[in-house]
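These notes concern the structure reproduced below.
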Amino acid sequence: MLILQNGVQFAAADNLEKMVFWLFGYGSLVWNPGFEYEEKIIGFIKDYRRVFDLACIDHRGTPERPARTCTLEQIQGAVCWGAAYCFGGGPEKEKAAMEYLQRRECEYDQKTLVDFYKEGDTEEPALTGVIVFTSTPDPVSNKYYLGPAPLEDMARQIATAFGPCGNNRDYLFLLEKAMFDIGHEDDYVIELANEVRKVLGVLGICIPKEKRLLGPSHIPLKSLVSPINLRRLPEAVAMDS
């Protein structure tokens, strides 16, 4: 049957205790999910590409100096790699997970259902009805949508923006490393990250050696980020996006 929860329909077993849903992460969720999950699968979705066209004003930026974080742009034939997370455990845990995600992903105004593919199988999706947070590409109806800009302009904005969760540049560098670690580097992310490094060099800002992408990491990302238990979060808590 189909369950309607927080405006999203997804398939569920007749026994609600066995109900599960899947979420696709393509930004900070790849390296820092911040919640407990039952399973994680590396894979991709079709006809979407990752772009840094979304403003972040409460995590990696401020209203005065918004950060740029990634969202998805629909492009026929494109492929976006990331990670799918499985949630289960009954209605209460599902509700807590969605409440946490909606607070964390507050800049995204849409929840879209997509097909998810595993590596080596590009014809038949491994999962259907996977939830992904997306944003309307319209600055009038979506106040967080910045739209595209020249690479140099985006790099300057990312190099200098910061907020309660840290620097905008660290968000980009961590995404670059996360895609490297899962074996699917994103050329667009690499190009933008290298342009940010140029800007930082001009500004005289040194990038700590441990934050440079020099080669394969011998320390799994999961060991660096401890998952937290799902719970209702106070409004004042800042979370990465």
Side-chain angles (χ1 to χ4, degrees), residues 25-32 42 44-45 47-83 105 107-108 132-139 142-217 221 224-225 240-241:
Y26 56 90
S28 64
L29 289 173
V30 178
W31 78 83
N32 180 23
I42 302 302
F44 63 92
I45 61 175
D47 299 329
Y48 287 94
R49 71 175 181 180
R50 187 184 289 105
V51 293
F52 275 72
D53 292 351
L54 197 66
C56 178
I57 62 174
D58 52 4
H59 297 154
R60 297 280 182 169
T62 64
E64 297 74 27
R65 298 179 71 90
R68 275 188 178 264
T69 53
C70 58
T71 184
L72 294 178
E73 180 182 32
Q74 282 192 286
I75 297 290
Q76 188 70 29
V79 166
C80 181
W81 283 87
E105 308 297 308
E107 287 92 2
Y108 300 87
V132 61
F133 283 85
T134 59
S135 54
T136 304
D138 179 8
N142 181 5
K143 65 179 181 180
Y144 295 109
Y145 183 71
L146 294 173
L151 190 71
E152 297 80 3
D153 293 347
M154 289 195 295
R156 281 192 292 270
Q157 184 174 356
I158 292 171
T160 56
F162 62 90
C165 290
N167 296 319
N168 193 185
R169 59 182 181 267
D170 289 343
Y171 171 94
L172 173 60
F173 295 151
L174 285 167
L175 177 58
E176 181 189 31
K177 182 180 186 299
M179 300 310 297
F180 181 90
D181 286 349
I182 68 173
H184 294 282
E185 295 174 277
D186 186 318
D187 290 341
Y188 170 73
V189 171
I190 293 172
E191 184 180 15
L192 183 56
N194 285 334
E195 192 65 31
V196 169
R197 291 184 180 100
K198 291 180 185 178
V199 173
L200 294 174
V202 171
L203 296 176
I205 300 175
C206 178
I207 307 172
K209 184 180 294 186
E210 64 271 14
K211 291 186 179 179
R212 298 174 187 167
L213 189 64
L214 299 179
S217 171
L221 283 177
L224 300 178
V225 181
D240 205 358
S241 66

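No experiment lies behind these values; they were computed from the predicted model shown.
Every side-chain contact (heavy atoms from CB on, under 4.5 Å) that Thr160 has, sequence neighbours left out, goes to Arg65, Leu203. Lys143 meets the salt bridge (charged side-chain N to carboxylate O under 4.0 Å, His left out) test with no other residue; sequence neighbours excluded. The ring-ring contact (aromatic ring centres under 6.0 Å, His included) check on Phe44 picks up Trp81, Tyr117, with sequence neighbours excluded. A search for side-chain contact (heavy atoms from CB on, under 4.5 Å) contacts involving Arg156 returns Glu152, Asp153, Val199, not counting sequence neighbours. For the side-chain contact (heavy atoms from CB on, under 4.5 Å) test, residues two or more places apart in sequence or in another chain that qualify with Gln74 are Tyr48. Residues that satisfy the side-chain contact (heavy atoms from CB on, under 4.5 Å) test with Pro139, not counting sequence neighbours, are Tyr145.
Side-chain atoms of Arg68 and Leu192, non-hydrogen and from C-beta on, never get closer than 4.5 Å to each other. Under the 4.5 Å side-chain criterion, counting only non-hydrogen atoms from C-beta, Phe52 is in contact with Leu172. Between Thr69 and His59, every side-chain heavy-atom pair lies at or beyond the 4.5 Å cut-off. Inter-residue side-chain proximity for Pro148 and Met154 is flagged as unmet; no heavy-atom pair is nearer than 4.5 Å.
Across every non-hydrogen atom of Tyr26 and Leu175, the tightest pair is O-CD1, 3.7 Å.
Of the inter-residue distances, the one linking Asn32 atom CG with Leu174 atom CG reads 8.5 Å to the nearest 0.5 angstrom. Of the inter-residue distances, the one linking Thr71 atom OG1 with Tyr144 atom OH reads 13.5 Å to the nearest 0.5 angstrom.
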